Amino acid sequence: MELSLQVQQKQILSQKMQQSVEILQMNAVTLSEYIREFAEENPLVEWNEEKEPVQQENTELLQKLEWLEETDEQNRSLYRMEHEQEEKERETNAFGRKEGQSLREFLLFQINIQKIPAGHKAVLRFLAESTAESGYLEKDAIEMMMEKYPMKKSTAARILAQFQALEPSGVGARNLQECLLIQLKQKNASALSMKVTRNYLDELAKNRLSYIAKAEKVSMERLMRALEEIRSCQPKPGSGFAGEDNVQYVVPDVLVERRGEEFIVTTNTAVMPRLTVSHSYVKLLREKADAQTEEYIAEQLKRAEWALQCISRRESTLQQVVEAIVGKQRDFFSEPQGQLVPLRLVDIAEQLNIHESTVSRAVKEKYLQCERGVFPLHTFFSKAMTSAEAGTDVSADSIKNRLRAIIDAEEKTKPLSDRELTERLTAEGVQICRRTVAKYREAMGIAGASGRKRYDAEK
């Protein structure tokens, strides 16, 4: 038997590193919830809503935690495995919720008031935390749930059905078809609408109504009634939490205030409870405690100190990133009609001498409030496109705005194809290919020419 040696470079994230990464990408609402849960789990920690500065003990230990470079290096490895899975919808204002409540908060509220065992609630909370702001479950959420909470497939199916019974209707679906079927079932919709959704969703998206009516041997009038039932459903259950045409009511994570010619950036810590170390347990540790108790309290103290350090680092990283963004996008913040300039995550990373993944997590699902309103932080990052006029760069967002304007002005009975849209933009001096136009159109949730076509009467 032949023996050989093989050298492999492998990087494994410790639990503490994973915690620091998770806290970095939490927004204000999620972090507030995390702080409360952490305080409930750790007996050494207390939280309060008062926003007075908190004195942190064990400063000598905190000073020894020189972990920024290590975190950034570990961050780099984890970032490669994630493949940039980010949802970009921002939703508010769900049915039955309190004003300003996020979808996740609304789901957790419903779960908390249910009279079910605590262990069962924990699984439902996991699903709530695994729900994207669009209302759909994140990829592999069920598999991850069964891994974290070992159970039979039949049990997992029952828990999923219970979660999907929550408001808003359709929440917890794994795809569009399941989302529509959940809503149709809850509405006691007709058998035809259910059948069309199960078997003809692609044809429906292409407006092939005549084909569906012929295949099912039903009249166009009956099919149109079924179609109205399907159209009454919400393809994105979380859309009620963020009106596209309305000002978004969200909790900003960072505030940008203009003072003369300067812009002052501050993180919004006012919405988050403050963590403190329970002095009674520290006193118990210092006085008379048996070896087992002393070991337990020492371990919990380390966890508390690390959480405090991670939260502090999140605030400082977020502030540095936003200050860099404001510097790059000064025209947007200075002028009422100021436009965004092309900006990449790597541009901010290079300026701050940190990894791109750190910037990505710092802006993930977070909002900025300034004189012009409240904006998702990812809004300020836009790819560059070249304009034929003077060879200048224009942002992808400005091209999307122009593309939407062209589509809004088109004749609805004869919508423009992607090639015609490309020709219109090219004539305006924007060098762009048809594939990119199609990509931008789909990203804005605009259907193709066949899907946008309107009929006065179906023949």
Side-chain angles (χ1 to χ4, degrees), residues 18-39 47 49 51 71 75 78-79 82 84-94 97-109 125-138 141 238-243 247-256 265-275 307-308 310-326 345 348 357-370 373-381:
Q18 291 178 9
Q19 183 185 20
S20 69
V21 168
E22 290 172 359
I23 290 177
L24 175 61
Q25 63 188 20
M26 289 180 183
N27 58 28
V29 174
T30 307
L31 183 59
S32 298
E33 185 70 23
Y34 169 82
I35 289 174
R36 292 181 175 89
E37 291 181 357
F38 184 82
W47 65 273
E49 298 290 353
K51 309 309 175 188
T71 301
N75 215 357
L78 186 60
Y79 186 66
E82 288 185 344
E84 298 184 356
Q85 296 177 347
E86 294 187 359
E87 288 288 342
K88 295 194 174 180
E89 294 93 10
R90 299 293 182 266
E91 283 111 15
T92 58
N93 196 26
R97 71 176 181 90
K98 296 180 180 179
E99 187 178 8
Q101 200 173 31
S102 70
L103 174 60
R104 188 169 299 174
E105 285 180 307
F106 184 48
L107 293 172
L108 290 172
F109 168 75
R125 288 193 189 104
F126 177 85
L127 290 179
E129 295 293 344
S130 302
T131 301
E133 292 186 348
S134 60
Y136 288 83
L137 277 181
E138 295 176 351
S239 63
F241 287 78
V247 176
Q248 295 184 357
Y249 192 94
V250 297
V251 178
D253 299 89
V254 65
L255 311 174
V256 178
V265 176
T266 55
T267 55
N268 187 12
T269 58
V271 297
M272 290 180 287
R274 290 287 184 178
L275 283 180
L308 288 169
C310 291
I311 293 171
S312 176
R313 184 59 203 170
R314 171 196 175 273
E315 293 180 10
S316 61
T317 301
L318 178 59
Q319 176 151 347
Q320 291 175 29
V321 168
V322 174
E323 286 176 348
I325 291 174
V326 173
L345 294 172
I348 300 298
S357 61
T358 303
V359 180
S360 176
R361 290 191 173 89
V363 303
K364 181 180 175 66
E365 297 183 1
K366 298 182 181 68
Y367 290 83
L368 176 150
Q369 179 177 313
C370 62
V374 179
F375 302 89
L377 279 178
H378 70 75
T379 302
F380 300 97
F381 295 92

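Predicted model only: the values in this text are computed from it and were never measured. Note: hydrogens, waters and symmetry copies are ignored here, and every other heavy atom, side chains too, is used.
Contact check for Arg125 versus Leu108: side-chain heavy atoms found under the 4.5 Å cut-off. Counting heavy atoms from C-beta on, the side chains of Leu377 and Leu318 come closer than 4.5 Å. Residues Val363 and Phe380 are not in side-chain contact: their nearest non-hydrogen atoms beyond the backbone lie 4.5 Å or more apart. Side chains of Arg104 and Val29 form no contact here, defined as non-hydrogen atoms less than 4.5 Å apart. A 4.5 Å side-chain heavy-atom check between Glu129 and Tyr34 finds every atom pair outside the cut-off.
In this structure, Gln369 CD and Thr266 OG1 are separated by 9.5 Å, a value rounded to the nearest 0.5 Å. The distance from the CD1 atom of Ile348 to the OG atom of Ser360 is 13.0 Å, given to the nearest 0.5 Å. Taking CZ from Arg313 and CG from Leu308, the interatomic distance works out to 15.5 Å, rounded to the nearest 0.5 Å. Between Glu22 atom CD and Thr30 atom OG1 the span is 11.5 Å, to the nearest 0.5 Å. Here the CE atom belonging to Met26 is positioned 10.0 Å from the CD atom belonging to Glu33, to the nearest 0.5 angstrom. With rounding to the nearest 0.5 Å, the separation of CD1 in Ile325 from CZ in Phe375 is 13.0 Å.
Looking only at distances, a side-chain donor or acceptor of Gln319 sits under 3.5 Å from a matching main-chain atom of Val265. Within the 3.5 Å criterion, the main-chain N or O of Ala28 finds a donor-acceptor partner in the side chain of Ser32.
Each of Lys364, Lys366, Arg314 was compared with Asp253 under the salt bridge (Lys or Arg N to Asp or Glu O under 4.0 Å) criterion, and only Arg314 meets it. Each of Val251, Val254, Asn27 was checked for a side chain to side chain contact (heavy atoms under 4.5 Å, CB included) with Asn268, and the lone residue meeting it is Val251.
Across all non-hydrogen atoms, the minimal contact from Ala132 to Leu103 is O-CD2, 3.7 Å. Between Ile23 and Ala307, the shortest heavy-atom contact is CD1-O, 4.4 Å.
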